[in-house]
J.: 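Sharing a structure, written as structure tokens. Questions coming.
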Amino acid sequence: MVCTIVFAGGDQGLWRVTNTATVIGDPLPPAERLAIVPFGPEILSSSVWRLRGAVSNLRYTTRSEAADLRALQPPLHRSTALRAALIPIRKTQAWWDLAQDERRGIFEETSHHTALGLGVLPAIARRLHHSRDLGEPFDFLTWFEFAPEHEASFDALLDMLRATHEWTYVAREVDIRLTRDMGP
């Protein structure tokens, strides 16, 4: 089942934006907060930007990698996960011009994307949202949640991924860091 989610940057939402860094390409307008809502007719009209993504099946993974991910992947919304990152990414046209097996070769056999991600589980929960087929400005919206003490591990993971051959195909990337408000 496909579930479409909207990430809305503005002045509403459970998550407070602590930093926004443009890694490559155009920035997003500044936002104070992030709301994550199901796609529907009432999508926070006061937001300064809205990004849609669909939660779908795993792609570029073998059966054994998918099993490893399911076994180690923690759930989102853990009470200890007070930090998060939303990282929208758009790949170059050259990436999309490659055949599926060529993308898989770069993604895993060369860049070891899944293996690197497995190395930080279960400390960091993640969910990938596909946006390319929705006509969005990014191809993927990557969502991560973690406890404050795991932020350095998350940063190290990003450094490793950004140093891979796969990242030479990234045309736009924004790194949005967030802190979850616990309320009164």
Side-chain angles (χ1 to χ4, degrees), residues 3-39 43-44 46-55 69 72-91 111 113-132 134 136-164 166-184:
C3 172
T4 302
I5 301 294
V6 176
F7 294 88
D11 60 3
Q12 299 177 48
L14 178 66
W15 294 92
R16 182 173 42 84
V17 176
T18 58
N19 188 48
T20 300
T22 302
V23 179
I24 186 170
D26 295 330
L28 285 171
E32 294 177 21
R33 303 194 73 75
L34 178 76
I36 304 168
V37 296
F39 180 72
I43 305 174
L44 302 173
S46 66
S47 58
V48 294
W49 50 262
R50 283 171 255 157
L51 303 172
R52 290 182 306 149
V55 178
L69 286 168
L72 294 172
Q73 174 65 44
L76 295 174
H77 316 300
R78 295 176 292 173
S79 62
T80 58
L82 302 177
R83 301 287 187 274
L86 172 63
I87 304 179
I89 294 175
R90 184 177 70 228
K91 297 275 183 101
S111 297
H113 190 118
T114 302
L116 291 172
L118 284 167
V120 298
L121 295 178
I124 298 165
R126 61 103 185 109
R127 184 168 61 194
L128 180 66
H129 304 80
H130 299 271
S131 300
R132 181 174 173 78
L134 300 175
E136 291 291 301
F138 294 95
D139 298 324
F140 308 101
L141 307 175
T142 54
W143 176 254
F144 303 91
E145 293 179 6
F146 44 89
E149 62 267 23
H150 298 298
E151 192 155 10
S153 296
F154 178 69
D155 289 336
L157 171 65
L158 288 182
D159 289 344
M160 288 185 285
L161 288 170
R162 288 175 178 151
T164 66
E166 178 190 356
W167 247 253
T168 64
Y169 290 93
V170 173
R172 187 177 182 197
E173 179 184 0
V174 179
D175 185 338
I176 304 162
R177 297 300 177 100
L178 307 124
T179 296
R180 183 172 54 175
D181 285 343
M182 296 305 295

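Note that this is a predicted model, so its numbers are computed, not measured. No hydrogens, no waters, no symmetry mates; every other heavy atom, side chains included, goes into these values.
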J.: Would you name the heavy atoms of G53 and S131 that are closest together and state the gap between them?
T.: CA-OG, 3.5 Å
J.: State which residues pass ring pair (Phe, Tyr, Trp, His ring centres under 6.0 Å) with Y169; sequence neighbours excluded, sorted by chain then number.
T.: W95, H165
J.: Is there a donor-acceptor pair closer than 3.5 Å between any side-chain N or O of S111 and the backbone N or O of E166?
T.: yes
J.: Report the residues that fulfil salt bridge (Lys or Arg N to Asp or Glu O under 4.0 Å) with R78, sequence neighbours left out, ordered by chain and then residue number.
T.: none
J.: Dump the intermediate steps for ring-ring contact (aromatic ring centres under 6.0 Å, His included) on F140 and H129, then the final yes or no.
T.: CA-CA 6 Å; F140 308 101; H129 304 80; over 10 Å; no
J.: Using salt bridge (Lys or Arg N to Asp or Glu O under 4.0 Å) as the criterion, list what pairs up with D175, not counting sequence neighbours.
T.: R162, R177
J.: Looking at A8 and S47, what are the two nearest heavy atoms and their distance?
T.: CB-CB, 3.9 Å
J.: Which heavy-atom pair separates L28 from P88 by the least distance, and what is that distance?
T.: CD1-CG, 4.4 Å
J.: How long is the gap from CG on L116 to CG on L158, to the nearest 0.5 Å?
T.: 11.0 Å
J.: Heavy atoms only: give me the nearest T22-P27 pair and the separation to one decimal.
T.: OG1-CB, 3.1 Å
J.: Does the side chain of V170 reach to within under 4.5 Å of the side chain of V23, using non-hydrogen atoms?
T.: no
J.: Should we say atom CD of E149 is surrounded by more than 12 heavy atoms from elsewhere, each under 6.0 Å from it?
T.: yes
J.: How long is the span from the NZ atom in K91 to the CH2 atom in W167, to the nearest 0.5 Å?
T.: 6.0 Å
J.: Kindly give the heavy-atom pair with the smallest separation between F146 and A85, and that separation in Å.
T.: CE2-N, 4.3 Å
J.: For I176, which of T20, L34, T18 qualifies under side chain to side chain contact (heavy atoms under 4.5 Å, CB included)?
T.: T20
J.: Apply side-chain contact (heavy atoms from CB on, under 4.5 Å) to residues E32 and V17 and explain how you reach the verdict.
T.: CA-CA 5 Å; E32 294 177 21; V17 176; 6.0 Å; no
J.: CD1/I5 to CD1/I36 distance, rounded to the nearest 0.5 angstrom?
T.: 8.0 Å
J.: Measure the acute angle between the ring planes of W143 and W15, then classify it against the limits of 30° and 60° as parallel, tilted or perpendicular.
T.: perpendicular
J.: Between OG1 of T142 and CZ of R126, what distance do you get to the nearest 0.5 Å?
T.: 10.0 Å
J.: Does the R180 side chain pair with the main chain of A81, one donor and one acceptor, at a distance under 3.5 Å?
T.: yes
J.: Evaluate the side-chain proximity of P74 to L121: yes if any heavy-atom separation is below 4.5 Å, no if none is.
T.: yes
J.: About how many Å separate OG1 of T179 and CG of N19, when rounded to the nearest 0.5 Å?
T.: 10.5 Å
J.: Measuring from L51:CG to L134:CG, what's the distance to the nearest 0.5 Å?
T.: 11.0 Å
J.: The criterion is side-chain hydrogen bond (donor to acceptor under 3.5 Å, both in side chains); which residues satisfy it with E136, sequence neighbours excluded?
T.: R52
J.: Any pair with a residue in residues 10-20 that passes salt bridge (charged side-chain N to carboxylate O under 4.0 Å, His left out), sequence neighbours left out, goes on the list, sorted by first then second residue, please.
T.: R16-D181
J.: For F144, enumerate each residue passing the ring pair (Phe, Tyr, Trp, His ring centres under 6.0 Å) test, keeping only those at least two apart in sequence or located in another chain.
T.: F154
J.: When you check the gap from the basic side-chain N to the acidic O, do E145 and R127 get nearer than 4.0 Å?
T.: no
